[in-house]
Amino acid sequence: MRILLVEDDDLLGDGLRGGLRQGGFTVDWLKDGRSAQLALETESFAAVVLDLGLPRLSGIELLQQLRQRQDRVPVLILTARDAIAARIAGLDAGADDYLVKPCDLGELAARLRALVRRSAGQASPVLTVGPLQIDPQGRAVQYRGTPVELAAREFDLLHELAREPGKVLSKDQLAQRLYAWGEEIESNAIEVHIHHLRRKLAPDLIVTLRGVGYMLPKQPA
Ligand code: CA
């Protein structure tokens with residue numbers, strides 16, 4: 001899952017990015033509100049971690065604009081311990097959750113998983129699509145009740161397809177969700193991951209729509 005981190009403090013931002021990456025998230029980190037606004041208009045993220053005190057455009061203004069244009073991306077705000085008024089303003093402006101800085105990285109990751117789950121209208125933390133069970137927290141997959149070992153990107157790709165079963169995702173959309181800016185990506189990377197997933201799970205589990213993209217059917221074969 002790709003997360004946009006917006007934090008102008010270098011040290012804190014670096015720690016948050018490292019911790020989230022370790023938790024299996026793809027992370028893009030921006031340090032001002034205006035750049036974050038642009039990124040959110042053009043790219044798709046599973047969730048946003050947003051500091052409120054930011055240069056060029058405040059976190060609150062960014063949030064207000066985001067919700068004004070009906071963007072429903074889950075947002076978790078980071079606030080100072082004593083900044084209760086800012087926390088209330090953030091939640092009222094459309095934030096979904098908050099954490100007080102400095103926050104525990106395990107808790108941040110768990111809250112992000114919960115936010116993404118809730119935004120998808122999903123009750124259980126384990127995703128079930130036909131014979132597949134996907135546990136985002138443990139990064140584990142079972143196929144017909146048997147655990148299957150997947151590489152990190154293979155897991156991420158399967159998870160993206162399983163988050164929206166029945167929906168066709170293009171190669172570009174998938175690449176955008178799996179790779180942060182500046183990360184090396186081979187032109188055939190997505191095809192290669194799909195190939196491995198089919199070999200490890202089942203050949204006809206993921207459907208290819210030629211020239212369009214890939215889909216995990218709601219009731220896969
Ligand atoms: Ca700040």
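Since the model is a prediction, treat every value here as computed from it, not as a measurement. Counting convention: from 1, in listed order, for ligands and their atoms alike.
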**Study point:** Closer than 3.0 Å to the Ca ion (ligand 1) - protein N, O or S atoms, ordered by chain and residue number
**Key:**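 Per the 3.0 Å query on the Ca ion (ligand 1), atoms found are Asp8 OD1, Asp51 OD2, Gly53 O.
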
Exercise for review: Treating Ile, Leu, Val, Met, Phe, Trp and Tyr as nodes and any side-chain heavy-atom pair under 4.5 angstrom as an edge, say whether Leu5 and Leu178 lie in one connected cluster.
Suggested key: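 No; tracing contacts between hydrophobic side chains, which count when under 4.5 Å, never links both residues.
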
Check your understanding: Can you list every pair that meets ring pair (Phe, Tyr, Trp, His ring centres under 6.0 Å) and has a residue in residues 145-200, with sequence neighbours left out?
Key ->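 For residues 145-200, and leaving out neighbouring residues, the ring pair (Phe, Tyr, Trp, His ring centres under 6.0 Å) pairs sorted by first residue read Phe155-His159.
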
Practice item. Verify, without hydrogens or angle tests, whether Trp29 (side chain) and Glu7 (backbone) share a donor-acceptor contact under 3.5 angstrom. Key: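 Yes, Trp29 side chain to Glu7 backbone: donor-acceptor pair under 3.5 Å.
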
Less than 3.5 Å apart, which donor and acceptor atoms pair up between the side chains of residues 44-56 and the rest of the protein, not counting sequence neighbours?
from	atom 1	to	atom 2	distance (Å)
Asp51	OD1	Lys101	NZ	2.9
Arg56	NH1	Asp32	OD1	3.1

Show me the side-chain donor-acceptor pairs of residues 70-82 shorter than 3.5 Å, one per line, residues at least two apart or across chains.
from	atom 1	to	atom 2	distance (Å)
Asp71	OD1	Val73	N	2.9
Thr79	OG1	Arg87	NE	3.2

Practice item. Answer yes when Arg118 and Asp96 have at least one side-chain N-carboxylate O distance shorter than 4.0 Å, and no when they do not. Key: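 Result for this pair is no, no salt bridge flagged.
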
